[in-house]
Amino acid sequence: MRVWGRGIALVTAGAALAVMLAGCGSGESEHDGGSGGSADPERGEGASDKGSATGAGKGADVRSALTAAARKTGEQASYKTLQTGTPGSGRSEMLFQKSPSASVIKSWNKPSKASPSGFSQVISLGGKTYVHTDEVPGKSWYTLDDGADAGRDKGSGESRAAGYVPEFTGALAASPSTRRVGEERVGGRPADHYRGTVVVDELAAYTGPAIDKGVRDSYVASTRQQGMSSVVIDLWVGKDGLVLKSQEAGRGSKGPGLVVEEYSDFGAVPAIMAPAANTVATWKEFVDGISERS
């Protein structure tokens with residue numbers, strides 16, 4: 001999303017995770033899907049317009065379908081999101097739980113000297129964020145109160161682990177270019193494929209009901225931060241009305257970017273639990289552990 005890897009949601013846990021990422025030497029940005037991955041240019045504006053011309057649905061019907069899909073997906077008690085970018089940019093597996101609000105984010109990125117495995121894991125639950133660490137002897141996690149999470153994006157939903165469903169469905173529903181491309185299969189399930197080109201300045205001026213103002217403003221700001229004036233968004237909605245897959249592609253100041261998310265396990269994610277207390281270090285213990293090794 002934005003300042004989290006336009007695709008690889010590594011900063012989703014807020015400030016605590018940002019600190020951890022800094023220690024691990026990750027260069028991912030929040031909505032960036034990686035450091036400017038390559039968006040498939042053949043799938044860009046030209047392909048979008050050509051594909052939409054053959055689509056069966058448009059206008060109010062499309063907006064209604066997308067708005068309903070966003071609402072129904074947002075009502076789910078839990079689900080899993082697999083987020084990827086361009087090849088080699090890494091991937092994130094995220095579990096979202098609506099009530100009590102909780103999430104788990106596992107990310108795999110390029111190994112570095114500070115992070116030989118390239119793996120990171122964050123659990124958010126009960127007002128605390130737990131970050132996996134190997135820096136504290138005898139402990140596997142460290143924690144910070146969520147009150148320190150000043151950088152969290154409040155306008156985009158309860159948890160970044162929920163993915164970009166509100167942003168992508170809302171932006172598509174607000175765009176006059178959006179069309180139903182046809183029926184395809186996602187994960188073996190039939191789905192309606194929608195596609196549109198979202199012009200950022202037009203979305204910023206949109207005041208209709210298709211997208212929440214807070215979500216719109218956050219999405220516009222983060223997209224502009226990436227230097228993108230327009231993006232092509234594809235969305236696949238299952239026959240049960242749930243969003244199964246989304247893709248955002250565009251070109252920004254750092255080159256092409258791509259975000260792909262696949263959603264599954266609706267209402268079937270096991271209850272998210274905090275790590276055992278005896279495995280969790282305090283922030284001070286974590287900092288002291290790093291200091292001792294430096």
Side-chain angles (χ1 to χ4, degrees), residues 1-5 8-32 77-83 90-164 218 265 269-294:
M1 346 221 315
R2 297 56 169 127
V3 190
W4 18 314
I8 309 305
L10 295 182
V11 207
T12 299
L17 180 53
V19 172
M20 182 272 291
L21 289 178
C24 293
S26 171
E28 301 292 351
S29 73
E30 205 170 292
H31 177 188
D32 202 21
S78 64
Y79 57 88
K80 174 181 175 180
T81 300
L82 177 62
Q83 191 182 81
R91 64 187 177 92
S92 290
E93 180 181 291
M94 305 181 284
L95 303 180
F96 165 75
Q97 177 179 291
K98 190 169 186 178
S99 182
S101 180
S103 65
V104 177
I105 302 176
K106 296 180 180 180
S107 299
W108 292 264
N109 291 279
K110 293 179 180 179
S112 65
K113 182 178 180 180
S115 179
S117 68
F119 174 76
S120 62
Q121 181 175 0
V122 175
I123 299 174
S124 295
L125 174 68
K128 288 188 177 295
T129 298
Y130 303 90
V131 183
H132 186 269
T133 181
D134 295 321
E135 299 294 337
V136 184
K139 306 290 185 178
S140 300
W141 306 84
Y142 71 87
T143 185
L144 268 181
D145 289 340
D146 271 359
D149 256 348
R152 179 170 296 177
D153 181 358
K154 300 294 185 183
S156 298
E158 293 180 34
S159 170
R160 285 303 4 149
Y164 287 113
S218 175
D265 297 1
V269 171
I272 296 173
M273 307 293 289
N278 63 356
T279 67
V280 180
T282 64
W283 170 249
K284 183 179 184 304
E285 289 173 329
F286 171 69
V287 172
D288 290 345
I290 292 180
S291 298
E292 290 174 1
R293 295 192 181 194
S294 61

Any heavy-atom pair between the side chains of I123 and T129 that's under 4.5 Å? no
Scanning both residues in full, the closest heavy-atom pair of L95 with I272 reads O-CD1, 3.9 Å
Is any side-chain heavy atom of V280 closer than 4.5 Å to a side-chain heavy atom of Y130? yes
Nearest 0.5 Å, what's the CH2-CZ distance between W108 and R91? 4.5 Å
Could you tell me the separation between the CG atom of L82 and the OG atom of S92, rounded to the nearest 0.5 Å? 8.5 Å
Which atom names give the shortest non-hydrogen contact between A161 and T81, and what distance separates them? O-OG1, 3.4 Å
Begin from the C-alpha positions of V122 and S124 and carry the test side chain to side chain contact (heavy atoms under 4.5 Å, CB included) through to its verdict. CA-CA 7 Å; V122 175; S124 295; 4.3 Å; yes
Can you see which heavy atom on A102 is nearest to which on L125, and at what distance? CB-CD1, 3.5 Å
Minimum heavy-atom separation for K106 to Q121, with atom names? CE-NE2, 3.5 Å
Side-chain heavy-atom pair E93, K80 within 4.5 angstrom cut-off: yes
Taken in chain and number order and not counting sequence neighbours, the residues that satisfy salt bridge (Lys or Arg N to Asp or Glu O under 4.0 Å) with K139 are none
With sequence neighbours excluded, tell me which residues meet ring-ring contact (aromatic ring centres under 6.0 Å, His included) with Y79. F96, F266
Within the structure provided, determine whether T282 and E285 are in side-chain contact (heavy-atom separation under 4.5 Å). yes
Does T279 use its side chain to pair, donor to acceptor, with the backbone of A276 at less than 3.5 Å? yes
Would you mind reporting whether S107 and N109 have side-chain heavy atoms less than 4.5 Å apart? yes
Spatial distance of atom NZ (K98) from atom OG (S78) [nearest 0.5 Å]: 11.0 Å
Parallel, tilted or perpendicular for W283 and Y142, by the 30°/60° rule? tilted
Just by distance, do the side chain of E135 and the backbone of F286 share a donor-acceptor pair under 3.5 Å? no
